[in-house]
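The structure under discussion appears below in the form of structure tokens.
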Number of protein chains: 4
Amino acid sequence: MPGGATKPRPVRGRPRTVGLDAAIVAAAAELLGEVGMVGLSMDLLAQRAGVGKATIYRRWESKEQLVIDVLQAIVEPSPTPDTGTVVGDLTAYTRMMVERFGQGRMSDVLPHLIEASCYDDQLRASLDDYSRQRQTTLRAILRRGIERGELPKDYDVDLVVDTVLGAFVYRRLMSGAPLNEAFSKRLIAFVLP
Amino acid sequence: MPGGATKPRPVRGRPRTVGLDAAIVAAAAELLGEVGMVGLSMDLLAQRAGVGKATIYRRWESKEQLVIDVLQAIVEPSPTPDTGTVVGDLTAYTRMMVERFGQGRMSDVLPHLIEASCYDDQLRASLDDYSRQRQTTLRAILRRGIERGELPKDYDVDLVVDTVLGAFVYRRLMSGAPLNEAFSKRLIAFVLP
Amino acid sequence: MPGGATKPRPVRGRPRTVGLDAAIVAAAAELLGEVGMVGLSMDLLAQRAGVGKATIYRRWESKEQLVIDVLQAIVEPSPTPDTGTVVGDLTAYTRMMVERFGQGRMSDVLPHLIEASCYDDQLRASLDDYSRQRQTTLRAILRRGIERGELPKDYDVDLVVDTVLGAFVYRRLMSGAPLNEAFSKRLIAFVLP
Amino acid sequence: MPGGATKPRPVRGRPRTVGLDAAIVAAAAELLGEVGMVGLSMDLLAQRAGVGKATIYRRWESKEQLVIDVLQAIVEPSPTPDTGTVVGDLTAYTRMMVERFGQGRMSDVLPHLIEASCYDDQLRASLDDYSRQRQTTLRAILRRGIERGELPKDYDVDLVVDTVLGAFVYRRLMSGAPLNEAFSKRLIAFVLP
DNA sequence: GATTAACCGAGACGGTACGTCACGTCTTTAA
DNA sequence: TTAAAGACGTGACGTACCGTCTCGGTTAATC
């Protein structure tokens with residue numbers, strides 16, 4: 001299933017080969033795992049996908065738009081933890097975040113997209129979209145806490161999402177401070193009333 | 001005044017022309033304002049500074065290291081606000097942050113450094129340094145609050161710094177959510193006990 | 001009227017639209033005048049002729065085969081001059097050659113066909129055909145001279161054709177020497193006994 | 001020794017590596033022999049010569065200018081035959097021409113240059129130069145004939161050069177007529193008084 | 001009248017080559 | 001040894017054509 005960034009196709013002429021989007025995205029995902037965002041050149045990608053470069057440029061505005069689709073395709077929808085309490089859920093959630101976000105092959109993807117989105121308004125929008133999508137799990141946990149009465153009715157979910165994810169991002173990308181369980185614990189204690 | 005990233009110089013032979021570091025940094029600052037981080041190529045910079053490329057590489061490991069020095073040189077040390085209360089100080093501080101960070105010419109510099117620091121350990125360290133330096137104002141405000149008794153003695157300054165700056169960074173770089181006074185107000189209310 | 005290069009068509013199914021050959025050749029002629037042999041891409045030609053690319057390839061082996069048909073269609077059969085003497089006829093003939101061959105829009109067509117015919121045997125044959133066709137006027141002049149007794153019975157018409165046309169071609173394509181009336185006069189004097 | 005097409009170099013900065021022109025030309029000659037003018041891509045040439053593409057573009061305006069230098073470098077100055085008589089010399093000369101020009105690896109080079117020179121004035125001039133250089137042997141034979149008294153003092157050397165070489169070129173490139181000893185014999189007989 | 005097969009415009013497709021640009025290093029002359 | 005200048009190898013970029021293919025739809029001759 002092609003991402004939202006794919007351009008609309010005209011009605012006339014040969015239709016775009018179905019599944020090619022997916023094949024290209026898959027090849028890109030493979031390469032991202034092997035060589036990272038650096039090293040993911042359009043030539044290499046085209047070759048790996050068994051596709052002409054023009055075919056890629058026909059479907060995506062830029063490499064970055066494509067990579068956003070890769071992210072969408074790759075990230076299995078992390079299951080919302082359900083431990084019965086907000087604290088438990090947040091603990092499980094942050095543990096997962098630390099694992100995923102802390103290191104790994106693709107850790108250079110997001111930084112690259114952030115930088116690229118400075119020069120590309122469409123990409124900016126796509127990245128915003130993606131970011132908001134990735135908030136859903138955390139939002140769900142907090143909203144359930146409100147429903148259960150663990151959190152006050154006027155609990156500022158938006159703000160907590162910004163601060164929790166923000167703290168992670170800030171430490172990971174800027175201050176270089178470690179992301180670990182101890183930090184998560186302090187953070188959880190801090191944002192809960 | 002050249003930054004700390006400048007390599008040590010040997011003792012023998014012709015001494016390095018004094019002030020060349022500064023001239024190069026100045027030219028880089030100029031170009032950053034004109035063409036942004038994209039468009040700041042080493043060839044262009046060398047030409048603008050009236051300098052050979054080798055001269056730049058002799059003094060900095062990379063373009064990014066140099067740009068960090070540019071940041072150091074450019075950012076006048078924001079004066080710590082002193083309104084008498086933590087709330088007042090934080091309000092003044094966030095207002096300044098919104099102004100500076102929200103938009104502007106150089107808003108693509110930090111994203112670029114973040115991305116580049118994925119592939120360059122030295123740069124990673126430099127950027128961490130820079131980030132921590134930029135925390136000092138906020139830290140001072142909070143510490144003074146503790147001294148004045150406005151904040152509890154065990155107030156987790158580190159964590160608040162991470163969450164406040166993190167929330168700003170996250171909205172600016174990822175979710176694209178607006179940075180404005182309303183948000184600042186909610187954020188301040190949230191992090192104060 | 002479509003040239004001899006058009007492929008044979010099968011009997012069954014929808015017959016080829018009559019006049020499409022001519023329309024394509026006309027569009028090609030137009031484009032040759034506007035953008036020359038460079039710039040005459042198949043995509044552009046198809047678009048201009050309001051035709052699918054496949055339709056062109058169905059009728060001609062290559063762009064060059066098509067262009068030969070264009071030449072056939074364009075070049076009105078130069079009337080054989082008849083001044084009463086061989087010298088007069090040759091003078092008229094060479095004057096016409098200088099005008100046509102010397103410069104003009106389409107002066108890049110022949111060189112292109114020559115080069116292309118190095119890699120395409122069919123085109124080679126077509127070009128040979130075309131070249132021999134274009135010899136007829138000169139041959140007629142010389143043969144008439146023999147009939148009238150102005151030229152000896154064993155006059156080597158073939159050779160004179162080769163040398164006269166060869167000299168023109170050589171100067172035009174290789175040495176870059178000028179083609180003018182003075183040269184023609186010397187040439188005529190030289191080849192007549 | 002680099003060809004006449006090489007651009008002048010500035011005095012300052014690193015001088016161009018000596019012998020690199022020659023190395024590139026040699027690689028090009030090699031490739032021309034292996035893959036012909038088609039197949040001689042700039043990427044391939046750069047790779048074979050162990051050189052960056054930019055280095056080639058720095059020294060030659062186009063692939064064709066370079067190839068002219070290749071021709072200059074390759075064609076060993078054919079020794080002017082000296083049999084004692086003009087007929088003998090011309091016979092030897094035409095035999096050599098038939099051998100060289102008739103077929104062979106590089107037979108697509110000249111046609112390509114001819115076509116390319118339609119769109120490139122500088123190349124046009126270079127090709128003219130080259131063509132005139134290649135006339136010297138034939139001119140020498142004829143001039144010696146005049147000195148020896150075999151040919152009249154007012155013998156039109158220029159014109160004979162044009163017709164002889166022209167006839168060869170015309171048959172080879174346009175009419176496709178065969179180049180052989182019989183034709184040479186007729187041609188020689190024709191141009192001698 | 002239904003079927004069939006080639007035609008048609010449009011444009012996607014896998015390739016290949018192009019010429020440019022930036023990188024970081026090297027090599028000259030001069031100070 | 002530093003400096004300005006600029007050549008060097010490398011490798012990615014995005015574009016342009018090529019000749020083929022695949023759609024939906026059309027048009028005649030055949031069944």
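In what follows, every chain begins at residue 1, and chains take the letters A, B, ... in the order their sequences are listed.
Judged as a side-chain hydrogen bond (donor to acceptor under 3.5 Å, both in side chains), and not counting sequence neighbours, B:Asp129 has no contacts. Annotation: side chain to side chain contact (heavy atoms under 4.5 Å, CB included) contacts of A:Glu115 (sequence neighbours excluded): A:Tyr119, B:Pro111, B:His112, B:Glu115. For the side-chain hydrogen bond (donor to acceptor under 3.5 Å, both in side chains) test, no residue two or more places apart in sequence or in another chain qualifies with B:Asp120. Under the side-chain hydrogen bond (donor to acceptor under 3.5 Å, both in side chains) criterion, B:Glu30 pairs with B:Arg48, not counting sequence neighbours. The salt bridge (Lys or Arg N to Asp or Glu O under 4.0 Å) search around B:Lys53 returns B:Asp43, not counting sequence neighbours.
Under the 4.5 Å side-chain criterion, counting only non-hydrogen atoms from C-beta, C:Tyr130 is in contact with C:Leu110. Side chains of C:Leu71 and C:Leu113 form a contact here, defined as non-hydrogen atoms less than 4.5 Å apart. Side-chain contact between A:Trp60 and A:Thr55 is absent, with no heavy-atom pair separated by less than 4.5 Å.
Comparing D:Ala49 and B:Thr55, the nucleotide of DNA chain F nearest to each residue sits closer to the 5' end for B:Thr55. The residue among A:Val51 and C:Gly52 whose nearest nucleotide of DNA chain E lies closer to the 5′ end is C:Gly52.
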Please enumerate all protein N or O atoms sitting under 3.5 Å from an N or O of nucleotides 13-16 of chain F, with distances to 0.1 Å.
unit_1 : atom_1 : unit_2  : atom_2 : d
F:dC13 : OP1    : A:Lys63 : NZ     : 3.1
F:dC13 : OP2    : A:Met42 : N      : 2.6
F:dG14 : OP2    : A:Tyr57 : OH     : 2.4
F:dG14 : O5'    : A:Tyr57 : OH     : 3.4
F:dG14 : N7     : A:Lys53 : NZ     : 3.0
F:dG14 : O6     : A:Lys53 : NZ     : 2.8

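The CD1-P distance, from B:Ile56 to F:dA5, rounds to 12 Å in whole Å. In this structure, the CD atom of C:Gln47 is 11 Å from the P atom of F:dC17, given to the nearest Å. Going from atom NE2 of A:His112 over to atom P of F:dA12 covers 14 Å, rounded to whole Å. Taking atom CZ of residue A:Arg59 and atom P of nucleotide E:dG14, one finds them 8 Å apart after rounding to whole Å. What separates CD of D:Glu64 from C1' of E:dG19 is a distance of 13 Å, to the nearest Å. For the pair D:Arg48 CZ and F:dT10 P, the computed distance is 15 Å after rounding to whole Å. At whole-Å resolution of the value, CG in C:Leu66 and C1' in F:dC18 are 15 Å apart. Note: CG (D:Asp120) to P (E:dG19) measures 11 Å, nearest angstrom.
Counted by atom type alone, C:Gln65 and C:Ser126 present one or more donor-acceptor pairs between their side chains at under 3.5 Å.
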Nucleotides 23-31 of chain F: protein proximity per nucleotide (B base, S sugar-phosphate only, - neither; heavy atom, under 4.0 Å): B-BBB--S-
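Between the CZ atom of C:Arg59 and the CG atom of C:Asp69 there is a distance of 12.0 Å, given to the nearest 0.5 Å. The CD1 atom of C:Ile68 sits 8.0 Å away from the OG atom of C:Ser117 when rounded to the nearest 0.5 Å.
Using a 4.0 Å heavy-atom cutoff across all strands shown, B:Thr17 reaches sugar-phosphate atoms only and no base atom.
Looking at B:Asp108, its side chain does come within 3.5 Å of a backbone N or O of B:Met37 through a donor-acceptor pair.
Under 4.0 angstrom from either OP1 or OP2 of F:dA4 there lies no side-chain N or O belonging to B:Arg58.
Comparing the axis of the opening five pairs of the helix from E:dG1-F:dC31 to E:dA31-F:dT1 with that of the closing five pairs yields an angle of 20°, rounded to 10°.
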